[in-house]
Amino acid sequence: MKDESTNQKKSRITDIIKILKEEYPNSSCSLKYESPFQLLVATILSAQCTDERVNKVTSVLFEKYSNAESFRKLSNEQIEKEIFSTGFYRNKAKSIKNISEEICEKYDGIVPKTLESLVKLRGVGRKTANVVLGNAFNIPGLVVDTHVIRIANLLKFVITKNAVVIERELSKIIEKKEWTNFGHLCIDHGRAVCIARKPNCVKCGISNYCPSKI
DNA sequence: CTCCCGATAT
DNA sequence: ATATCAGGAG
């Protein structure tokens with residue numbers, strides 16, 4: 001596994017994706033939303049928080065406030081109270097308030113559909129932008145979250161925690177049409193088998209492709 | 001790099 | 001007690 005070439009990486013990750021697809025055939029976004037804006041808010045809330053908890057919060061939240069216009073009218077304190085249990089609630093409330101204003105003023109209430117525009121929104125980084133592009137707009141988005149960072153390193157496709165570098169390196173070896181699903185597969189696999197605290201290599205279907213196999 | 005931060009599993 | 005959860009800004 002020394003000095004693996006780009007073509008060798010392409011071949012290995014293609015095999016890995018094929019296996020993961022068989023293991024997680026229904027892999028998809030686990031956040032609940034009914035519009036690009038709702039997915040944007042849910043993804044901001046998902047930072048360092050389980051999707052399960054985010055869904056509990058948003059199921060109540062989106063019932064009361066469904067779009068950028070309605071969120072814009074809320075105070076930071078009102079938003080904080082609603083999202084408190086997701087953690088980082090001050091920063092998240094500030095971000096939600098801000099993107100609601102920006103989207104109303106600059107984009108007429110419509111969430112922009114490019115990575116560059118999304119990332120310019122305060123509180124929206126590449127990870128969140130790629131989630132929205134891939135899931136709400138069906139535009140390939142390579143999400144590099146905590147699971148992708150961990151799994152890409154264990155598989156030795158990269159040796160860095162830098163998300164921008166990982167996104168760049170993975171984009172070279174994964175077909176564009178697979179970008180969005182790759183994120184979902186890593187999240188499913190990361191939650192069920194390649195768990196952060198204790199990877200379950202015995203039950204791992206791609207352990208034969210993993211240099212870190214215990 | 002640090003800070004933001006509650007909920008949960010171990 | 002501690003690590004971890006679909007991160008982002010300074």
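A, B, ... follow the sequence lines: proteins, then strands. Residue 1 opens every chain.
Within residues 55-76 of chain A, no residue approaches DNA chain C, by heavy-atom distance under 4.0 Å.
The side-chain hydrogen bond (donor to acceptor under 3.5 Å, both in side chains) check on A:Glu80 picks up nothing, with sequence neighbours excluded. A:Lys213 meets the side chain to side chain contact (heavy atoms under 4.5 Å, CB included) test with A:Cys201, A:Ser207, A:Asn208; sequence neighbours excluded. Take A:Lys56 and apply the side chain to side chain contact (heavy atoms under 4.5 Å, CB included) test, not counting sequence neighbours, and it matches A:Arg53. Applying the side-chain hydrogen bond (donor to acceptor under 3.5 Å, both in side chains) test to A:Tyr24 and every residue at least two apart in sequence or in another chain returns A:His189. Under the side-chain hydrogen bond (donor to acceptor under 3.5 Å, both in side chains) criterion, A:Ser66 pairs with no residue at all, not counting sequence neighbours. In this structure, the side-chain hydrogen bond (donor to acceptor under 3.5 Å, both in side chains) partners of A:Gln78, at least two apart in sequence or on a different chain, are A:Ser75.
For the P atoms, the distance from B:dC1 to C:dT4 is 16 Å, rounded to whole Å. When the C1' atom is used for both C:dA6 and B:dT2, the distance is 22 Å, rounded to whole Å. Between the P atoms of B:dC5 and C:dA1, the separation comes to 24 Å (whole Å).
DNA chain B is contacted by both A:Arg90 and A:Arg53; A:Arg90 maps to the nucleotide lying nearer its 5′ end (nearest heavy atom per residue).
Among residue pairs with one or both ends in residues 37-67 of chain A, those qualifying as ring pair (Phe, Tyr, Trp, His ring centres under 6.0 Å) are A:Phe37-A:Phe71, A:Tyr65-A:Phe71; sequence neighbours excluded. Every pair passing side chain to side chain donor-acceptor pair (under 3.5 Å) that includes a residue from residues 174-183 of chain A is listed here, sequence neighbours excluded: A:Lys21-A:Glu178. Sorted pairs that involve residues 137-146 of chain A and meet side chain to side chain donor-acceptor pair (under 3.5 Å), not counting sequence neighbours, are lacking altogether.
Residue-level contact check: A:Ser85 touches the backbone only, with heavy atoms under 4.0 Å from sugar-phosphate atoms and none from bases.
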**Prompt:** Can you give one letter per nucleotide of nucleotides 3-10 of chain C, 5' to 3': B if a protein heavy atom sits under 4.0 Å from the base, S if only from the sugar-phosphate, - if neither?
**Reply:** BSBBBSSS
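Salt bridge A:Lys73/A:Glu69: absent, no basic N to carboxylate O contact under 4.0 Å. Under the 4.0 Å criterion applied to side-chain N and carboxylate O atoms, A:Asp15 and A:Lys10 are not assigned as salt-bridge partners.
The span of DNA chain B lying next to chain A, judged by atoms under 4.0 Å from heavy atoms, is bounded 5' to 3' by B:dC4 to B:dA9.
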